[in-house]
Amino acid sequence: MEINRFNPPVRTLMGPGPSDVPPRILEALSRPTIGHLDPLFVSMMEELKLLLQYAFQADNALTMPVSAPGSSGMETCFVNLVEPGDKVIVCQNGVFGGRMKENVERCGGIPVMVKDDWGRAVDPQKLEDALKAHPDARIVAFVHAETSTGAQSDAKTLVGLAHKHDCLTIVDSVTSLGGTPVKVDVWGIDAIYSGTQKCLSCVPGLSPVSFNERALEKISNRSTKVQSWFMDLNLVMGYWGSGAKRAYHHTAPVNALYALHEALLMLREEGLENAWNRHQKNHLALRAGLEAMGMTFIVPEAERLPQLNAVSIPENVEDAVVRSRLLNEYNLEIGAGLGDLAGKVWRIGLMGHASRAENILLCVGALGAVLSDMGAEIETGKALSAVQKALQD
Ligand SMILES: *Cc1c(COP(=O)(O)O)cnc(C)c1O
């Protein structure tokens with residue numbers, strides 16, 4: 001079998017992640033590899049921590065990227081904070097809350113599930129009821145931005161309720177960070193994790209995390225060892241900690257960290273608020289186009305994420321055929337439904353660098369063209385003018 005160099009095409013990535021990576025970040029990735037203990041690299045790491053503190057709006061000294069994808073940030077939070085026997089309230093309104101439950105169980109914790117319909121935000125009343133019913137709960141965990149459905153929960157309120165009942169909080173901000181407000185200090189989030197390939201538009205494979213003093217106190221009072229050697233923060237901090245001797249723990253993904261540094265620099269140049277506003281504005285433009293084509297969103301307006309648009313697949317339309325035509329004919333990737341929503345929805349991402357006017361026009365134009373060609377009665381021109389009008393508002 002002949003094997004050649006792999007030359008991927010240039011695609012437009014409008015799925016649930018990875019999102020479009022701008023050339024500037026790809027260029028950073030290709031800079032010369034230096035040692036992970038090189039003094040120049042170590043000073044870049046210090047800047048990286050400051051940039052992440054800005055992105056998270058967190059003063060926490062323990063703010064750093066875990067050397068693996070978002071799922072590893074999730075595990076880092078759970079394995080360090082959950083001890084055998086700990087009761088953990090997990091709010092689930094989609095796929096990722098289910099993974100939190102898995103994490104709790106594997107740490108020997110006892111999950112208490114608070115379930116909401118897929119496509120809805122977490123209901124604070126249900127959380128409060130669970131906190132009252134389980135006064136021995138130690139931790140509350142929830143997903144801020146459920147990428148499987150496009151629903152956004154009210155993190156500030158949920159964290160407030162958890163604290164009122166003396167629980168620590170673990171928050172999944174993989175899809176929210178950089179796209180919608182995430183205010184770790186103001187909201188009092190104790191442990192948070194994110195990913196690089198969603199609204200930060202960096203390459204996949206890193207997971208920024210941040211822990212406050214309350215979380216560190218729980219970790220330092222553990223009576224059992226953290227079961228994961230790789231994710232034990234006591235050991236990781238020998239490499240990442242401030243004033244640490246920078247002892248070898250694992251070889252940091254040097255070039256990927258250059259890319260994250262560049263991505264966060266771009267976010268700081270744009271300004272967090274401007275980035276949030278851009279995501280919202282572009283969401284409204286995409287929505288105008290999709291609705292003009294007769295499509296409906298599955299999440300109620302007040303709970304919608306601007307960076308992840310989940311719409312029902314029109315009747316008599318073959319999901320996989322449409323998505324593969326978009327990919328093959330237009331180099332455009334949109335997301336399929338996940339879990340219970342497989343085959344029922346498309347998830348159209350407007351994350352980070354992918355959240356731009358030309359992507360919206362491409363998506364609405366291409367989707368309109370493919371659906372019309374398959375016999376749907378769609379006026380693509382009208383949909384495109386609706387987008388243009390919304391962009392000019
Ligand atoms: C993507 C995602 C993850 C997992 O991140 P990976 O980088 O794929 O491991 C976790 N939570 C949410 C909400 C996500 O969208």
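In this chain, numbering begins with 1 at the start of the sequence shown. Keep in mind it's a predicted model, so treat the numbers as computed, not measured. When a ligand or atom number is given, it counts from 1 through the structure's own listing order.
- Atom 11 (N) of ligand 1 has its closest protein heavy atom at D172 OD2, 2.7 Å.
- A donor-acceptor pair is defined here as one N or O able to donate and one able to accept, closer than 3.5 Å; no such pair exists between the side chain of K126 and the backbone of V122.
- Taking the six-membered ring where the residue is Trp, the centroids of H249 and W229 are separated by under 6.0 Å.
- Taking any N or O of T175, backbone or side chain, at least one lies under 3.5 Å from an N or O belonging to ligand 1.
- Across the listed options K198, M351, M74, K198 owns the non-hydrogen atom lying nearest to atom 1 (C) of ligand 1.
- For the pair C107 and Q227, the minimum side-chain heavy-atom distance is below 4.5 Å.
- Heavy atoms of E146 found under 4.0 angstrom from ligand 1: none, in either backbone or side chain.
- When every heavy atom of S201 is checked against every heavy atom of M351, the shortest pair comes out as OG-O, 3.7 Å.
- Contacts of A145 with ligand 1, taken as heavy-atom pairs under 4.0 Å, involve the backbone alone.
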Check your understanding: salt bridge (charged side-chain N to carboxylate O under 4.0 Å, His left out) between D86 and K218: does it pass, once the steps are laid out?
Key -> CA-CA 12 Å; D86 279 352; K218 171 126 173 52; 2.8 Å; yes
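- Looking only at protein heavy atoms, the nearest one to atom 15 (O) of ligand 1 is T147 OG1, 2.3 Å.
- Numbered from 1 in the order shown, with element, the atoms of ligand 1 that lie under 4.0 Å from a heavy atom of Q197 read 6 (P), 7 (O), 8 (O).
- The shortest contact between atom 4 (C) of ligand 1 and any protein heavy atom is with S71 OG, 3.7 Å.
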Point to revise | Test side chain to side chain contact (heavy atoms under 4.5 Å, CB included) applied to T149 and E303, step by step | key: CA-CA 11 Å; T149 67; E303 298 170 6; over 6 Å; no
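- By the 4.0 Å heavy-atom criterion, H144 is excluded from the residues contacting ligand 1.
- Residue Y193 places no N or O, backbone or side chain, under 3.5 Å from any N or O of ligand 1.
- In summary, the atoms of ligand 1 found under 4.0 Å from a heavy atom of P69, numbered by their order in the structure, are 6 (P), 7 (O), 9 (O).
- Q125 and D129 are linked by a side-chain donor-acceptor pair at a separation below 3.5 angstrom, with hydrogens and angles left out of the test.
- Under 3.5 Å, the side chains of E83 and S223 contain a donor-acceptor pair of N or O atoms.
- Taking atom 3 (C) of ligand 1 as the reference point, the nearest protein heavy-atom neighbour is F96 CE2, 3.4 Å.
- Side chain to side chain, T12 and N359 fail the donor-acceptor criterion of an N or O pair below 3.5 Å.
- Close N/O approach between G70 and ligand 1 is found [any backbone or side-chain N/O within under 3.5 Å].
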